[in-house]
There are 2 protein chains.
Amino acid sequence: MTTELVHGRPSTHNDGYPLNTTTLMRHAARTYPEQEIVYRTADGGWDRYSYGDAWGRITRGANALERLGVAPGDVVGVLDWNSRRHFELYWAIPGLAAVMLQMNLRLGPEDLGYVTTHSEASWICVDESLLPIAEAIAPHTQGVKGWIVMSDKPLDQIETSLPDVHHYEDLLAAAADTREWALIAEDSAYSACYTTGTTGRPKGIYYSHRGIYLHTLAMVALIGMSSEDTTMFITPMFHGQCWGLPQAAVQAMTKIVLPGRYTMEDTSVLVDAMVAEEVTVANGAPAIFGPMLDYIRTLDPRPDFSRARLLSGATEPPLSLMKGFHEVTGADVIHAYGATETTPLVTVNKGLKPSLRAVLSDDEKWDMKRRQGLMATGVDFRLVDGDGRDVPFDGVSQGEVLVRGPWIIDSYHAMDDDTRFHDGYWRSGDVGTIDEHGYLKLTDRLKDVIKSGGEWISSIDMENHLMSHPRIREAAVVGIAHPKWQERPVALVVSDDGGEVPIEDLHRHLAPHFASWQMPEQVLFVEELPRTSVGKLDKKVIRAQHADLYTGEQP
Amino acid sequence: MTTELVHGRPSTHNDGYPLNTTTLMRHAARTYPEQEIVYRTADGGWDRYSYGDAWGRITRGANALERLGVAPGDVVGVLDWNSRRHFELYWAIPGLAAVMLQMNLRLGPEDLGYVTTHSEASWICVDESLLPIAEAIAPHTQGVKGWIVMSDKPLDQIETSLPDVHHYEDLLAAAADTREWALIAEDSAYSACYTTGTTGRPKGIYYSHRGIYLHTLAMVALIGMSSEDTTMFITPMFHGQCWGLPQAAVQAMTKIVLPGRYTMEDTSVLVDAMVAEEVTVANGAPAIFGPMLDYIRTLDPRPDFSRARLLSGATEPPLSLMKGFHEVTGADVIHAYGATETTPLVTVNKGLKPSLRAVLSDDEKWDMKRRQGLMATGVDFRLVDGDGRDVPFDGVSQGEVLVRGPWIIDSYHAMDDDTRFHDGYWRSGDVGTIDEHGYLKLTDRLKDVIKSGGEWISSIDMENHLMSHPRIREAAVVGIAHPKWQERPVALVVSDDGGEVPIEDLHRHLAPHFASWQMPEQVLFVEELPRTSVGKLDKKVIRAQHADLYTGEQP
């Protein structure tokens with residue numbers, strides 16, 4: 001497509017009417033005021049109110065914040081679990097044309113303090129249970145005018161060393177329950193979320209009203225959500241605006257379930273709520289769905305989740321997880337791919353196209369289900385090679401995934417980072433293929449892919465195939481600098497018996513899947529692979545250890 | 001909401017990336033290239049091609065039009081049935097940042113000529129079967145540079161008196177099948193459609209790319225369309241961009257069925273296609289769904305349309321039609337309300353909210369189904385009384401329906417008509433109520449509603465109740481000017497037996513439904529009611545005949 005905008009004839013549509021997230025909640029509250037929102041309380045009990053009730057509290061919340069001095073463009077932080085108050089702030093803060101700062105409570109105090117200061121947050125709403133975190137970051141923040149504690153207890157029963165403390169419920173009680181809402185310019189920031197890379201400072205992503213609004217419409221259409229659904233937010237609401245599910249649930253006017261605080265160790269809260277409230281849509285990741293499935297297997301009778309669609313992000317869900325949920329509960333685990341920078345919807349693998357369903361075997365269907373899926377409408381995408389040239393969508397050619405569109409960022413907040421943008425597209429850093437049916441399959445991270453003789457070799461693919469050899473337990477494949485071929489693949493492997501497997505055996509084993517030029521001509525047998533503190537392969541260390549392997553050598 | 005735009009903090013989203021309809025079709029063609037489009041040919045047969053094939057022809061079409069000189073802002077008219085070429089032009093013309101002019105072949109040659117000239121159309125694509133219409137309007141047009149005939153026959157076998165004739169298929173064959181598509185400013189006009197009021201010249205409505213794009217996303221979400229669906233366009237594609245269904249079908253990547261030319265007298269073509277292609281979504285109106293149901297009743301076995309959603313616009317569908325389809329075929333007739341000025345989605349009555357389904361009786365459910373339904377997300381709405389004040393959503397208070405939003409017009413093209421706009425809202429001219437559950441129920445046209453003592457009385461409501469009296473066959477109620485009460489209702493009735501019914505009887509009959517001040521104190525028995533040439537009650541004539549009934553009188 002052209003990069004310059006082409007102008008046609010003027011329209012008679014009301015093109016100046018802005019897309020505002022506020023209108024989504026207002027619309028839902030006056031169209032389905034009686035729809036239920038079920039929420040977990042601080043004492044672990046459950047309670048419920050309605051969209052109409054929530055809108056009343058959202059209105060009071062916005063009025064209260066305004067009275068505290070919050071003005072358009074100001075930033076208000078939220079430090080909370082998946083609570084009803086958090087849900088209310090999703091609408092009250094942006095409704096003022098202020099920015100809701102999502103505070104990731106898993107970050108260390110220094111990073112969280114940095115995020116607060118970098119975003120210039122002036123007020124922070126904090127759940128009582130998270131006061132210790134707030135107190136820890138307070139010394140690292142500048143410019144915070146006050147803290148709003150959210151609790152069912154009165155203020156005088158809450159102990160905290162924070163200065164300038166207000167009480168959310170007191171503020172709401174004192175505020176008016178009507179309001180003339182602002183018509184907000186659609187390119188205004190709605191919320192801010194900071195990514196947490198392994199290197200460098202967190203980077204700020206400021207979602208616009210326009211981007212969120214369009215993401216919401218696309219998501220509802222893609223997932224097929226309606227008021228027949230009940231949605232539970234499992235993904236923390238302080239992560240990438242909970243992947244857009246709160247807004248989608250409201251647009252579709254589904255019943256909503258807010259599970260509050262839960263732990264990986266006790267997922268029964270989530271499963272029991274799914275059963276009790278007949279949840280049909282939820283979001284999460286293999287790290288939480290796995291323990292949930294373990295718990296479900298202990299139940300008798302097994303719950304019936306046959307209407308449920310579990311949106312699974314973060315990483316590719318294991319086949320055992322998808323099959324397990326399907327076989328035990330009937331639930332459909334749907335893999336979706338995206339990033340904080342993409343709001344996050346890029347692809348969704350929901351159901352198989354009718355045209356493929358008719359011709360694939362069951363194994364092939366499961367294999368398709370593991371892919372990242374089809375690109376969402378609204379996401380313009382390319383696959384490009386190392387020279388920035390487009391590669392064909394043939395299911396074989398690998399390229400880095402580049403995306404652009406209304407809900408994809410085109411910069412980081414107050415930070416120059418040109419390495420992640422190309423011609424208006426955001427560079428995902430993920431390498432993959434798109435087949436002739438449109439399905440994206442990620443094969444590697446760009447930094448791990450092996451660039452040899454102008455072509456790319458997927459390190460992950462090769463590792464998986466090496467590990468499928470009967471005598472190989474673990475494998476790591478890295479690209480090592482090579483004077484002629486740029487890089488050549490080198491494999492580090494751990495064998496089952498501590499012995500070595502002849503390289504010819506491994507080549508024969510890899511031959512059905514790799515061309516001869518892709519073969520690792522060096523296989524190093526080691527006792528264990530270097531791993532990071534959280535157990536991930538540390539390829540940076542491996543590359544450093546073998547950096548000069550080919551210096552002066554020919555393969 | 002405020003009328004002034006409020007600006008917040010800048011976002012890092014790509015807010016300048018425009019919403020273009022072209023990207024919808026391009027996305028579908030590369031994400032689901034094998035999806036089928038089934039179309040009827042000129043000889044009444046059926047053929048099929050794919051989204052990928054269609055995209056190739058759309059690309060050639062755009063290149064061909066560009067080669068003829070069509071530039072951004074130019075207008076290209078289309079005069080065609082629901083054909084595959086019409087479908088292609090839905091994308092090829094706007095893809096050039098040109099405007100697709102929808103030419104309503106039911107208009108007279110003078111009006112159609114006016115529309116062509118008023119829109120400054122430079123090229124017109126016409127189906128061979130409609131050449132007589134094109135030839136009739138040609139003398140009434142100015143500025144048309146040439147005519148593009150669409151036919152399976154070669155050009156030398158087509159007889160026409162039109163000057164400057166090209167052949168669609170020849171143009172496509174000579175054009176390139178790749179193209180760098182324009183990135184079009186989203187407020188550019190996508191298509192133009194002229195309303196055909198009973199008075200005055202047709203008024204031009206120019207839909208923007210932005211408006212259509214947003215309407216599409218909202219429609220897909222609301223109807224719940226997906227690639228599991230098969231969509232048939234029954235509504236003519238020259239009417240209000242076929243109510244947005246072509247764009248919605250493409251966004252959801254459904255299979256598409258294009259029935260070509262059909263007549264009210266032979267709806268078997270439509271029904272047989274629904275059976276053969278397993279259609280699940282179609283649009284139309286009672287005028288066509290009625291004859292379709294009549295034909296279905298002659299079939300043995302009865303077709304199973306239990307997955308089908310029939311979107312019914314234009315007028316409220318009779319209960320017998322909705323029930324008939326449900327009982328005979330399982331199909332769900334869904335009433336949707338809108339106008340050419342609203343793209344048209346304003347309300348949809350799809351399914352009943354779970355909260356109501358649980359408590360209403362069957363009769364109450366059917367009664368709810370007759371209403372216009374719930375407002376679509378994205379449509380900001382008000383009900384206002386005669387003084388422009390908002391009336392409550394209580395199911396009783398009547399007001400004119402005012403709507404605004406991205407797919408609602410805020411002006412007519414090159415024409416001043418301030419009477420239809422109020423504070424950014426488009427005045428629908430329809431009067432109705434919205435109940436506490438959000439359901440709109442239209443009660444009257446604003447011009448027919450009786451304004452008495454500052455309150456409104458629905459003429460249609462009163463007519464229906466009068467006609468439910470056992471001795472009354474027909475009734476017309478109009479407001480007649482009154483010196484004290486502004487207007488008072490006067491009823492003209494036709495009795496079954498030609499005799500008169502005592503007015504006290506009629507008041508008793510109306511008493512459960514109307515307050516005493518709403519009662520018509522004048523009931524005039526007549527032999528027949530004045531009607532227009534198409535059989536509609538001619539209230540203008542009735543009002544004129546009795547205009548001075550109350551002059552100087554007190555009720």
Discussion item. Tell me if the aromatic rings of A:Tyr412 and A:Phe421 count as close, with their centers under 6.0 Å from one another.
Written reply: yes
Worksheet, complete the sentence: From the list B:Ala221, B:Ala252, B:Gly438, B:Gly424, the residue making the most non-hydrogen contacts under 4.5 Å with chain A is B:Ala221
Worksheet item: Around B:Asp423, counting heavy atoms of other residues, nucleotides and ligands shown, do more than 12 lie under 6.0 Å from its CG?
Response: yes
Response to the item:
In terms of heavy-atom pairs under 4.5 Å with chain A, the winner among B:Gly405, B:Ala192, B:Ala71 is B:Gly405
Discussion item. Below 4.5 Å, heavy-atom pairs only: which of A:Met225, A:Met219, A:Lys255, A:Glu186 has the largest tally toward chain B?
Written reply: A:Glu186
Worksheet, complete the sentence: Filtered by a 4.5 Å non-hydrogen cutoff, the part of residues 344-352 of chain B contacting chain A is B:Leu352
Worksheet item: Heavy-atom distance under 4.5 Å to chain B: side chain of A:Ser119, backbone, both or neither?
Response: backbone
Discussion item. If I measure from the heavy atoms of chain B, does A:Ala376 come under 4.5 Å with its side chain, its backbone, both, or neither?
Written reply: backbone
Worksheet item: Is it true that B:Glu228 and B:Arg307 have a side-chain N and a carboxylate O under 4.0 angstrom from each other?
Response: no
Discussion item. Does any backbone or side-chain atom of A:Tyr213 lie under 4.5 Å from a heavy atom of chain B? Answer side chain, backbone, both or neither.
Written reply: side chain
Item to complete: Using non-hydrogen atoms and a 4.5 Å limit, figure out which bit of B:Ile408 sits close to chain A: side chain, backbone, both or neither.
Response: backbone
Worksheet item: For B:Thr22 and B:His209, does a side-chain donor sit closer than 3.5 Å to a side-chain acceptor?
Response: no
Worksheet item: In terms of heavy-atom proximity below 4.5 Å to chain B, should A:Ser226 be classed as side chain, backbone, both, or neither?
Response: neither
Item to complete: Under 4.5 Å, counting heavy-atom pairs only, tell me which of B:Gly8, B:Ser227, B:Ala28 racks up the most with chain A.
Response: B:Gly8
Practice prompt. Give, as side chain, backbone, both or neither, the part of A:Pro10 having an atom under 4.5 angstrom from any heavy atom of chain B.
Written response: backbone
Response to the item:
On a heavy-atom basis, the closest approach of A:Thr340 and A:Cys193 is CG2-SG, 3.8 Å
Discussion item. What I want to find out is whether A:Arg9 reaches B:Glu120 closely enough, with some N-O distance under 4.0 Å, to be called a salt bridge.
Written reply: yes
Response to the item:
Closest non-hydrogen atoms of B:Ala339 and B:Trp426, given as atom of the first, atom of the second and distance, are CB-CH2, 3.8 Å
Worksheet entry | Contact class of A:Arg357 relative to chain B, heavy atoms under 4.5 angstrom | side chain
Worksheet entry | Geometric cation-pi criterion B:Arg210 and A:Tyr17, 6.0 Å radius, 45° cone | no
Worksheet entry | A:His413, part contacting chain B, at a heavy-atom distance under 4.5 Å | both
Worksheet item: Under a 4.5 Å heavy-atom cut-off, does chain B meet the side chain of A:Glu436, its backbone, both or neither?
Response: backbone
Discussion item. For chain B, which candidate among A:Asn14, A:Ile409, A:Leu5 shows the most heavy-atom pairs at distances under 4.5 Å?
Written reply: A:Asn14
Worksheet, complete the sentence: Cut-off 4.5 Å, heavy atoms of chain A, and the answer for B:Glu4 is backbone
Discussion item. Test: salt bridge (charged side-chain N to carboxylate O under 4.0 Å, His left out). Region: residues 10-29 of chain A. Which pairs qualify, not counting sequence neighbours?
Written reply: A:Arg26-B:Asp380
Worksheet entry | Under 4.5 Å from a heavy atom of chain B, the part of A:Tyr207 involved | both
Worksheet item: In terms of heavy-atom pairs under 4.5 Å, which option from A:Leu214, A:Leu217, A:Ile205, A:Thr31 contacts chain B the most?
Response: A:Thr31
Worksheet item: At a heavy-atom separation under 4.5 Å, does B:Leu24 approach chain A through its side chain, its backbone, both, or neither?
Response: side chain
Worksheet entry | Modelled atom types, side-chain donor and acceptor of A:Ser188 and B:His7, under 3.5 Å | no
Response to the item:
When the 4.5 angstrom heavy-atom criterion is applied to B:Tyr190 and chain A, the contacting part is neither
Worksheet entry | Contacting moiety of A:Gln251, where chain B heavy atoms sit under 4.5 Å | both
Fill in: Within 6.0 Å of CG in A:Asp394, more than 12 heavy atoms from elsewhere
yes
Discussion item. I'd like to know which of B:Leu19, B:Leu374, B:Val220, B:Val99 tops the heavy-atom pair count under 4.5 Å against chain A.
Written reply: B:Leu19
Worksheet entry | Per-residue contact mode, A:Ile184 against chain B (heavy atom under 4.5 angstrom) | both
